[in-house]
Amino acid sequence: MSSSNSFQWPQLSQDFKEFLSTLPREKGFAKEPLYLYQGFWYEDVFLEGAISSQEHFQAEDSDVFVASTPKCGTTWLKAIAFALLNRRRNQAPDHPLLSNNPHDLVPYLEMDLYGENKALDIALFPSPRLLATHMPYSSLPKLIRSSGTKCKILYVARNPKDTLVSMRHFYTRVRMLDLMWAESFKLLCEGLSGYGPFWDHILGYWKQSLENPDRVLFLKYEDMKARPAAEVRRVAEFLGCPFSAEEVEAGEVDRILELCSFEVLSGLEVNKKGKLMVTGVDKSAFFRRGEVGDWKNHLSPEMAERIDRIVAEKLSGSGLFL
Ligand code: PAP
């Protein structure tokens with residue numbers, strides 16, 4: 001990894017490197033290979049954090065998770081969840097979202113909190129804890145999945161074509177790679193993206209949202225764009241903090257939507273410059289266009305048709321359409 005790369009790649013222990021050598025390995029979007037663990041593909045440092053969180057994370061009933069496969073709207077949903085849960089405490093001009101990137105306010109289990117190199121201490125997070133993960137449902141720490149725990153999961157999915165475009169731009173920018181469209185397209189179609197296969201990740205949470213609707217709320221980026229107020233109200237109800245009639249009357253829903261909008265967040269000084277606290281990724285890399293359908297500017301009709309066909313086959317019979 002070149003020293004100019006904005007992602008600070010941590011050192012892994014010898015024991016973990018030996019463990020990695022026992023796992024199936026493939027080339028992914030980045031220079032670092034992907035490793036297959038419990039049916040999903042991980043980059044080494046995130047796998048180390050994921051396994052460490054499986055071993056050590058203690059869930060609390062009041063925990064709220066933002067979950068997703070990368071580039072599906074995580075930054076936006078983190079901001080919305082943070083704004084909703086903290087809306088009685090925080091108001092502009094001192095709102096934490098105006099001076100912190102959403103990723104620094106809502107840390108990832110496997111990237112920020114667990115693993116040998118992680119700097120943040122989960123014990124310091126006030127309750128209710130708002131946390132995040134890209135881990136697939138079936139690999140979440142057991143206590144999050146246990147029927148005895150009441151923690152809640154917000155999951156956001158996005159149509160695979162826009163996700164691919166977003167992913168490719170992100171890797172090109174953050175990892176400074178010269179990724180060809182044809183190569184990234186082929187990798188996604190083969191399920192070889194970080195935390196992929198993309199469709200299995202989405203299906204895992206989709207099924208849980210049907211079986212345990214009070215535990216997992218399934219959202220789509222496109223729905224959030226098309227009817228933001230209705231989706232934000234759905235999130236608030238799911239989290240047990242619905243908007244009161246007075247709040248609606250006072251414009252609180254719109255205030256949160258405005259604060260978390262692409263335009264406002266991407267225009268903040270704190271998001272235009274600097275790097276995330278733990279991973280060191282440029283904060284501005286999380287804001288590109290924030291639109292639905294940008295894939296039309298990048299993918300050929302044949303590519304689009306092929307991804308649609310693969311994903312429709314994989315999701316067939318699930319009742320989910322992306
Ligand atoms: P992550 O999984 O690495 O955290 P994530 O936030 O899911 O990334 O994806 C970034 C995408 O969300 C970008 O999409 P694009 O490449 O198609 O533009 C980014 O622009 C978009 N995004 C970030 N913030 C917002 C927001 N507030 N509203 C809508 N889209 C947003």
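When a ligand or atom number is given, it counts from 1 through the structure's own listing order.
- Look at Lys220 and Glu222 and you find no salt bridge, because none of the NZ, NE, NH1 or NH2 atoms lies under 4.0 Å from a carboxylate O.
- Aromatic rings from Phe218 and Tyr205 are positioned such that their centres are separated by 6.0 Å or more.
- Ion pairing of Glu190 with Lys186 is present here, as a side-chain N (NZ or NE/NH1/NH2) and a carboxylate O approach within less than 4.0 Å.
- Qualifying ring pair (Phe, Tyr, Trp, His ring centres under 6.0 Å) partners for Phe286, counting only residues two or more places apart in sequence or in other chains: His103, Phe170.
- In this structure, a donor-acceptor pair under 3.5 Å is absent between the side chains of Ser166 and Thr163.
- Here Glu269 pairs with Lys273 in a salt bridge; the nearest charged N to carboxylate O distance falls below 4.0 Å.
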Note every protein N or O atom lying under 3.5 Å from an N or O atom of ligand 1, pairing the names and giving the distance.
unit_1: ligand 1; atom_1: 2 (O); unit_2: Lys71; atom_2: N; d: 3.0
unit_1: ligand 1; atom_1: 2 (O); unit_2: Thr74; atom_2: OG1; d: 2.7
unit_1: ligand 1; atom_1: 2 (O); unit_2: His134; atom_2: NE2; d: 3.3
unit_1: ligand 1; atom_1: 3 (O); unit_2: Lys71; atom_2: NZ; d: 2.6
unit_1: ligand 1; atom_1: 4 (O); unit_2: His103; atom_2: NE2; d: 3.3
unit_1: ligand 1; atom_1: 4 (O); unit_2: Tyr108; atom_2: OH; d: 3.1
unit_1: ligand 1; atom_1: 6 (O); unit_2: Thr74; atom_2: N; d: 3.4
unit_1: ligand 1; atom_1: 6 (O); unit_2: Thr75; atom_2: N; d: 2.8
unit_1: ligand 1; atom_1: 6 (O); unit_2: Thr75; atom_2: OG1; d: 2.4
unit_1: ligand 1; atom_1: 7 (O); unit_2: Lys71; atom_2: N; d: 3.3
unit_1: ligand 1; atom_1: 7 (O); unit_2: Cys72; atom_2: N; d: 3.1
unit_1: ligand 1; atom_1: 7 (O); unit_2: Gly73; atom_2: N; d: 2.8
unit_1: ligand 1; atom_1: 7 (O); unit_2: Thr74; atom_2: N; d: 2.7
unit_1: ligand 1; atom_1: 7 (O); unit_2: Thr74; atom_2: OG1; d: 2.7
unit_1: ligand 1; atom_1: 8 (O); unit_2: Lys71; atom_2: NZ; d: 2.9
unit_1: ligand 1; atom_1: 14 (O); unit_2: Arg158; atom_2: NH1; d: 3.3
unit_1: ligand 1; atom_1: 14 (O); unit_2: Ser166; atom_2: OG; d: 3.3
unit_1: ligand 1; atom_1: 16 (O); unit_2: Ser166; atom_2: OG; d: 2.6
unit_1: ligand 1; atom_1: 16 (O); unit_2: Arg288; atom_2: NE; d: 2.7
unit_1: ligand 1; atom_1: 16 (O); unit_2: Arg288; atom_2: NH2; d: 3.4
unit_1: ligand 1; atom_1: 17 (O); unit_2: Arg158; atom_2: NH1; d: 3.4
unit_1: ligand 1; atom_1: 17 (O); unit_2: Arg158; atom_2: NH2; d: 2.9
unit_1: ligand 1; atom_1: 17 (O); unit_2: Arg288; atom_2: NH2; d: 3.2
unit_1: ligand 1; atom_1: 18 (O); unit_2: Arg289; atom_2: N; d: 2.6
unit_1: ligand 1; atom_1: 18 (O); unit_2: Gly290; atom_2: N; d: 2.7
unit_1: ligand 1; atom_1: 20 (O); unit_2: Arg288; atom_2: N; d: 2.9
unit_1: ligand 1; atom_1: 20 (O); unit_2: Gly290; atom_2: N; d: 3.3
unit_1: ligand 1; atom_1: 27 (N); unit_2: Cys260; atom_2: O; d: 2.9
unit_1: ligand 1; atom_1: 27 (N); unit_2: Phe262; atom_2: N; d: 3.3
unit_1: ligand 1; atom_1: 30 (N); unit_2: Tyr221; atom_2: OH; d: 2.7

